[in-house]
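Worksheet: the structure to be examined is printed underneath.
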There are 2 protein chains.
Amino acid sequence: MPLKIGELAKRSGCQVVTIRYYEKEGLLPPPERTDANYRLYNDSDVERLHFIRRCRLHGMNLAEIRELLAFKDHPTVSCAWINELVEKHIADVERQIASLQHLKTHLETLRHACSGDRQQDCGILDSLDHGSPCACCEDEHCALSEYQKSTDAEKKARVSR
Amino acid sequence: MPLKIGELAKRSGCQVVTIRYYEKEGLLPPPERTDANYRLYNDSDVERLHFIRRCRLHGMNLAEIRELLAFKDHPTVSCAWINELVEKHIADVERQIASLQHLKTHLETLRHACSGDRQQDCGILDSLDHGSPCACCEDEHCALSEYQKSTDAEKKARVSR
DNA sequence: CGTAGTGTCTATAGCGACTATAGAGTCAAC
DNA sequence: GTTGACTCTATAGTCGCTATAGACACTACG
């Protein structure tokens with residue numbers, strides 16, 4: 001018994017609009033329709049959507065998922081590249097963690113820079129104004145500025161809600 | 001001696017278009033102009049832009065930076081809320097780190113799921129198809145799905161390049 | 001039978017912080 | 001005078017959704 005889009009949304013934990021969006025983006029095939037033009041999904045659609053959501057949870061972007069789906073549909077070559085994809089994501093995640101940990105030490109330095117309750121000469125503002133965030137940031141290879149650069153890749157592999 | 005926009009970009013490490021964007025967004029005041037309508041920046045603009053970039057590096061979004069700048073320009077109230085802002089960012093960053101570390105364990109499980117070199121029955125694809133990513137994700141409070149939710153806030157405080 | 005409430009449809013615009021592109025003007029050096 | 005680097009404005013694109021508007025479909029209740 002086929003599902004309407006709302007039921008599929010409930011089962012997959014994503015929103016109705018997101019399902020339609022995946023269809024528009026070519027990740028889900030155009031489903032059958034009722035006489036009233038309502039979308040009808042079958043078991044293979046349910047599985048495909050779950051696959052997509054799992055991939056998103058693993059930080060993959062839609063282009064990568066499209067590739068994986070194409071391979072699933074027509075596994076013509078070796079899957080070695082999938083290993084590489086996963087390795088790449090692990091490396092990405094490690095880089096993000098390192099950057100965030102560094103960022104955290106910076107923020108903690110900031111936190112102790114001001115006692116609060118001041119109308120002027122707030123130590124935090126001073127620090128944001130003049131201080132280099134920490135000694136390591138004096139040189140070119142500050143992890144915090146690396147963090148900036150890393151976010152492009154990061155942005156592309158983001159899951160929201 | 002005032003700077004043209006390209007020189008300011010070099011000094012601040014951000015791009016020309018980004019500077020114009022900050023002006024459009026009201027973070028930088030409209031600068032003076034040459035007869036040829038080129039923007040001219042003075043020392044206080046340089047400082048202000050550095051302040052903005054440092055804040056961005058600390059993961060603050062443009063709305064927060066606008067608030068900080070307004071306070072810097074007219075420090076009429078206590079700066080206690082700045083401490084709160086920093087605390088909030090630390091908590092955010094901690095949440096992001098936890099989510100990413102969890103994501104990493106998931107990806108590492110995936111990595112060992114397939115030896116590669118297969119045309120069919122790739123273990124990684126199987127795992128993405130059917131497996132729940134890890135035992136902890138069987139219940140409702142999986143950190144990985146928390147990761148999904150956290151990214152809204154995260155997205156708002158992102159620095160790219 | 002009407003109607004209220006929910007679900008679905010399409011199309012379009014908005015989010016955040018930029019980034020890219022087009023087409024035109026400016027300036028310095030050769 | 002012409003090449004190349006720089007600047008200007010205005011507009012559209014990025015990513016993965018999310019929100020909105022206006023219309024149609026379906027079900028339950030009186």
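Chain A is the first sequence line, chain B the second, and so forth, proteins listed ahead of strands; every chain is numbered from 1. Treat the numbers as computed from the prediction; the structure is a model and nothing was measured.
B:L40 contributes atom CG, which lies 11.0 Å from atom OH of B:Y38 (distance to the nearest 0.5 angstrom). Rounding to the nearest 0.5 Å gives a distance of 10.5 Å between OG1 of B:T34 and CZ of B:R39.
Closest to the side chain of B:N61, from the set C:dA17, D:dG16, C:dC9, is C:dA17. Side chain of A:L62, nearest nucleotide from D:dC8, C:dT19, D:dG16: D:dG16.
Residues A:R66 and A:Y38 both approach DNA chain D. Their nearest nucleotides, taken by heavy-atom distance, put A:R66 toward the 5′ side. Between A:A36 and A:K24, the residue anchored nearer the 5' end of DNA chain C, judged by the nucleotide with its closest heavy atom, is A:A36. Projected onto DNA chain C by closest heavy-atom contact, B:A63 and B:D35 fall at different nucleotides, the more 5' of which corresponds to B:A63.
Put simply, CD on B:E7 is 13 Å from C1' on C:dC27, counting in whole angstrom units. To the nearest angstrom, P of D:dG16 lies 13 Å from CE of A:M60. Atom-to-atom, CD of B:E23 to C1' of D:dC8 comes out at 12 Å; the value is rounded to the nearest Å. A:K4 has its NZ atom 6 Å from the P atom of C:dT8, to the nearest Å. Atoms CD (A:E25) and P (D:dT18) sit 14 Å apart, rounded to a whole Å. One atom, CD1 of B:I19, and another, P of D:dT7, lie 9 Å apart when rounded to the nearest Å. Rounded to whole Å, the distance from CD on A:E64 to C1' on D:dC15 is 13 Å. Distance A:I52 CD1 to D:dG16 P: 12 Å, rounded to the nearest Å.
Between A:R20 and the phosphate of C:dT12, there is no side-chain N or O to OP1/OP2 separation shorter than 4.0 Å. Between A:R33 and the phosphate of C:dT10, there is a side-chain N or O to OP1/OP2 separation shorter than 4.0 Å. Close to D:dT18, at under 4.0 Å from its OP1 or OP2, lies a side-chain N or O of A:T18. Proximity of A:Y22 to the phosphate of D:dC17: a side-chain N or O atom is located under 4.0 Å from OP1 or OP2. Look at A:Q15 and you won't find any side-chain N or O under 4.0 angstrom from OP1 or OP2 of D:dC17.
Among the protein residues, A:R39 comes within range of the sugar-phosphate backbone only, with heavy atoms under 4.0 Å from sugar or phosphate atoms but none that close to a base.
Using modelled atom types, one side-chain atom of B:H50 and one backbone atom of B:V46 make a donor-acceptor pair closer than 3.5 Å.
Residue pairs that meet the salt bridge (Lys or Arg N to Asp or Glu O under 4.0 Å) test with at least one member in residues 2-16 of chain B, sequence neighbours left out, do not exist here.
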Inset, instruction - Please lay out, stage by stage, how B:R48 and B:D45 fare under the test salt bridge (Lys or Arg N to Asp or Glu O under 4.0 Å). - result: CA-CA 5 Å; B:R48 199 174 178 90; B:D45 295 316; over 6 Å; no
